[in-house]
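Working notes, beginning with the structure itself.
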Amino acid sequence: MKAIQVSSPGADFEIVKKEIPEPGINEVLIKVEVCGICHGDAIAKEGHFPGIKYPIIPGHEVVGIVDKVGASVSVWKAGQRVGVGWHGGHCNQCSACRKGDFGACEKSLTTGIHLDGGYAEYMIARPDVIVCIPDELASVDAAPLLCAGRTTFGALKNSGARGGDLVAIHGLGGLGHLAVQYAVKLGFKTVVLSRGKAKEELAYKLGAHVYIDTDTGEAAKQLMKLGGARVILCTAPNGKAISDLIPGLGRNGQAIIVTGAREPMQIPPMLLLGGERSVRGFVTGNMEDAIRFSVLTKIIPMVEVFYLEQVALAYDKMMSAKVHFRSVLKIA
Ligand SMILES: [Zn+2]
Ligand SMILES: [Zn+2]
């Protein structure tokens with residue numbers, strides 16, 4: 001099979017020929033159709049996590065067809081169209097797993113980081129992390145829902161915000177353009193916070209009710225004029241920009257971080273104390289929930305499709321935020 005691998009932290013992508021892996025007794029072999037390119041792929045590419053074993057095949061927004069299953073796999077059958085996301089496996093034994101919180105497993109495995117992912121013609125997955133892709137969704141549209149979709153939808157759905165509440169989406173890129181659509185369909189008064197005027201038209205096209213240009217430096221004030229945000233979903237990787245928005249949270253408002261910004265945030269504790277505001281991260285979210293809601297409300301991601309050979313270009317466009325708005329690699 002053809003596969004795209006990274007041989008060491010920071011190395012270029014290499015397109016190599018490999019043996020098609022054989023599924024073990026409790027494993028599924030998937031013939032990959034497409035794989036989304038996510039900012040999280042930089043963890044494998046650049047070696048941001050300790051203990052990654054190289055060479056590694058990245059990719060955790062995988063859609064393909066079940067090719068073969070191990071003897072003890074009962075749910076999945078050859079020919080089914082399925083997806084695999086970030087969560088690649090859990091131990092079923094640690095204290096988090098014993099409480100059913102598999103996402104918090106102490107030995108959790110991430111697709112494309114600890115296990116070979118979907119930048120290849122075939123991949124192995126565990127049966128308990130696979131989801132079914134419904135017929136209504138094209139594979140290229142389904143792939144980004146498996147990470148970008150389930151994270152933004154999960155964060156909003158579990159935020160405690162209710163219909164009519166003021167919810168602001170910070171950033172209108174790969175995560176943000178999905179988050180805006182989810183916020184609107186969940187019934188929130190949806191504000192888009194983005195730099196300049198370039199994305200204003202798109203924000204309204206996606207259904208946003210208010211657009212605020214953060215370059216004015218008045219975004220938090222404008223949110224307070226609207227009553228204060230119940231939620232600010234932070235999708236733009238910029239610690240300073242996030243800090244500046246916190247005064248725009250209303251009473252009990254929460255800033256939810258779904259982006260891997262590395263620079264620290266500076267927030268006066270007094271601001272959180274008064275009004276009982278909070279800042280939290282969110283990385284879980286259920287893929288099936290996101291897929292079901294997306295099909296029900298006809299939300300599809302805006303994608304740029306690249307061929308396997310164009311992986312370096314696709315990755316660079318994603319990393320420099322020049323892609324509109326998620327990159328998807330066509331593998332098959
Ligand atoms: Zn991801
Ligand atoms: Zn566990």
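Order of appearance sets the numbers: ligands from 1, and atoms from 1 within every ligand. In this text, all values refer to a predicted model and were calculated from it rather than measured experimentally.
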### Query
What's the count of protein N, O or S atoms under 2.8 Å from the Zn ion (ligand 1)?
3
[X] bridged to [Y] by N-O distance under 4.0 Å:
X	Y	result
E309	K2	yes
E22	K68	yes
D165	R162	no

### Task
Please list, in chain and residue-number order, the protein N/O/S atoms closer than 2.8 Å to the Zn ion (ligand 2).
C91 SG, C94 SG, C97 SG, C105 SG
#### Entry: Six-ring centre of Y211, K199 cation under 6.0 angstrom, axis tolerance 45°
no
### Query
Between H90 and S108, is there a donor-acceptor pair closer than 3.5 Å when you use the side chain of the first and the backbone of the second?
no
### Message
So if I apply the side chain to side chain donor-acceptor pair (under 3.5 Å) rule between E304 and each of H324, K317, R326, which one comes out positive?
### Response
K317
### Message
So, applying side chain to side chain contact (heavy atoms under 4.5 Å, CB included) with L193, which one of T235, L223, D213, L233 is it?
### Response
L223
### Heavy-atom pair with the smallest gap, counting every atom of W76 and P127
NE1-O, 2.9 Å
### Query
What is the ring orientation for H60 with W86, classed by angle as parallel under 30°, tilted 30 to 60°, or perpendicular over 60°?
perpendicular
